[in-house]
Chemist: 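Can you read through this structure? Questions will come right after.
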There are 2 protein chains.
Amino acid sequence: MTTEEKIFNAARIVFQKKGFAGARMQEIADEAGINKAMLHYCFKNKQQLFEAVFMKAFSQLAPQINTIFNSEKTVFEKITQFTHDYISFVIENPFLPQFIIQEMNNNPEFVMSILNHENRPNPTLLIAQIEKEIETGIIKPIKPKQLLLDIFSMTIFPFAAQIMVKGILHLSDIEFNQMMEERKTIIAQQIINSIKK
Amino acid sequence: MTTEEKIFNAARIVFQKKGFAGARMQEIADEAGINKAMLHYCFKNKQQLFEAVFMKAFSQLAPQINTIFNSEKTVFEKITQFTHDYISFVIENPFLPQFIIQEMNNNPEFVMSILNHENRPNPTLLIAQIEKEIETGIIKPIKPKQLLLDIFSMTIFPFAAQIMVKGILHLSDIEFNQMMEERKTIIAQQIINSIKK
DNA sequence: TTTTGGTTTAACCTTTTGGTTAATAAAGGT
DNA sequence: ACCTTTATTAACCAAAAGGTTAAACCAAAA
């Protein structure tokens, strides 16, 4: 692993745990096991190091979503595949959702400038498809955006609010992961169940 | 409005926008229109000012939840009432969910020490009730904790990830609020629809 | 009027933090 | 072997940020 990679990984860990404002350059250096000056040698400053980490995180999520949303499948198939694939991915990267949401909240201007490019999740086509299937009579008459919001909520929220969820529902790490494994399939079943005619 | 109240309100605004780590004492003082030294005169330090704000925020949410969860109503009635009341409350305090989730993530030890007292949301009774209604045959056989997670997800997530949701679904502030108004009723309908026999 | 108690402030202090520098070590070409 | 470029570090710096202090202010009591 190169020094730059060591720094990047350390930065990912610290930024995801503490957020941009709470992260300390010294802590990142310690985590990487190198001198603080190396951070500035490899990355210009804190902001740029953060942007690299954030961009990577975001660009891992977004393309996946668009690939599924814009495929040739039916709406039900897309819902099934999205919830399954997304949860699988986030189980491997459990800090990502909260990290992205938090930084979008604390730094909207910066994040929006990233978001407005090719890699932004774009549900336009899927919305049109939902409307078509409603007309065809496959799906009950619902508002497409509400449906999308339901899907996002059910898949993303448990990870974004992981600590709160564990606390309120009294879940150990293992129990939490078991629940998430189950959710890979039950979310789609429930949603489809509630909108199919 | 007393000086202490002015400080408290200013602190709430700044903490909710920037988080604990990102908030600056000077910014809070400016927001309150008073000298920085007054912050330390009324509240010992940043940590204690934050704890006051956080505690207030949390204690506004938790009792509501428990009142509904532990009432004498049926599960369907509880779902209907909870989603409606919670969304109504959060529309008035839209920064609360993200604020609480963020600080729980960045500072789990501290938050847990608060959470472990009387005011913590406790779904134990509701879970037992769900199990009973499943046996009775009113509700389909599902895992109660998964159901609760669905309810929390659908109601809280849109606010916690407000900026992301607006960005991805292309919603103005007004459209977002309209959607949330609709969600006061449709969430319960959909959930009940998907679990009733 | 003077005193007294709580408020409020400007100025100051200390620590933390992001960032720099100059010197050193390692690697690579000639 | 010698020079040049690339990594790496310890020590340092300046600004920001949290927190303190001593003096001023101001109302109500004596």
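Just so it is clear: chains get the letters A, B, ... in the order the sequence lines come, proteins before strands, and each one is counted from 1. Below, each value reflects all heavy atoms present in this structure, side chains not excepted, and no hydrogens, waters or symmetry copies.
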Chemist: Considering every strand shown, what is the Watson-Crick or G-U wobble mate of D:dA29 when both distances are under 3.5 Å?
Modeler: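 Per the H-bond distance test, C:dT2.
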Chemist: Could you tabulate the donor-acceptor pairs under 3.5 Å formed by side-chain atoms of residues 94-105 of chain B, not counting sequence neighbours?
Modeler:
{"residue": "B:Gln98", "atom": "NE2", "partner": "B:Gln102", "partner atom": "OE1", "Å": "3.0"}
{"residue": "B:Glu103", "atom": "OE2", "partner": "B:Phe20", "partner atom": "N", "Å": "3.0"}

Chemist: Are OP1 or OP2 of C:dT7 and a side-chain N or O of B:Thr3 less than 4.0 angstrom apart?
Modeler: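 Checking C:dT7 against B:Thr3, no side-chain N or O comes under 4.0 Å of OP1 or OP2.
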Chemist: Atom CG of B:Asn35 and atom P of D:dC25: how far apart are they, to the nearest Å?
Modeler: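 Taking atom P of D:dC25 as the reference, CG of B:Asn35 is at 14 Å.
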Chemist: Among side-chain atoms of A:Gln60 and A:Lys56, is any donor-acceptor pair under 3.5 angstrom?
Modeler: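 Judged by distance alone, the side chains do not pair up.
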Chemist: Specify the separation, in whole Å, of atom NZ of B:Lys36 and atom P of D:dA16.
Modeler: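 Taking NZ of B:Lys36 and P of D:dA16, I get 13 Å after rounding.
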Chemist: Is the shortest side-chain N to carboxylate O distance from A:Lys184 to A:Glu181 below 4.0 Å?
Modeler: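 Salt bridge between A:Lys184 and A:Glu181, a charged N being under 4.0 Å from a carboxylate O: yes.
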Chemist: Is it the case that B:Glu182 and B:Gln178 place a side-chain donor and acceptor less than 3.5 Å from each other?
Modeler: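 No.
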Chemist: Whole-Å distance between C:dT8 P and B:Met38 CE?
Modeler: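 Rounded to the whole Å, the gap is 4 Å.
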Chemist: Could you tell me whether A:Phe157 and B:Phe152 have their ring centroids closer than 6.0 angstrom?
Modeler: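 Distance test on ring centres: not under 6.0 Å, no.
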Chemist: Is it true that B:Lys145 and B:Asp150 make a salt bridge, defined as a side-chain N closer than 4.0 Å to a carboxylate O?
Modeler: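 No, no charged N to carboxylate O under 4.0 Å.
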Chemist: Tell me, yes or no, whether the heavy-atom count around A:Lys17 atom NZ, taken from other residues, nucleotides or ligands under 6.0 Å, exceeds 12.
Modeler: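 Counting neighbours around NZ of A:Lys17, 12 or fewer heavy atoms of other residues, nucleotides or ligands fall under 6.0 Å, so no.
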Chemist: Measure the distance from CG on B:Leu39 to P on D:dT20 and round it to the nearest whole Å.
Modeler: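 Rounding to the nearest Å, CG of B:Leu39 and P of D:dT20 are 12 Å apart.
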Chemist: Which residues, if any, of residues 7-34 of chain A bring a heavy atom under 4.0 Å of DNA chain C?
Modeler: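 A:Ala23, A:Arg24, A:Met25, in order of number.
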Chemist: When the ring centroid of B:Phe15 is compared with that of B:Phe50, is the distance short of 6.0 Å?
Modeler: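 For B:Phe15 and B:Phe50, the ring centres are under 6.0 Å apart.
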Chemist: Check DNA chain C against residues 40-51 of chain B and give the residues with a non-hydrogen atom under 4.0 Å, in numerical order.
Modeler: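 B:Tyr41, in order of number.
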Chemist: Rounded to the Å, how far apart are B:Glu4 CD and C:dT8 P?
Modeler: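 After rounding, the reported distance stands at 11 Å.
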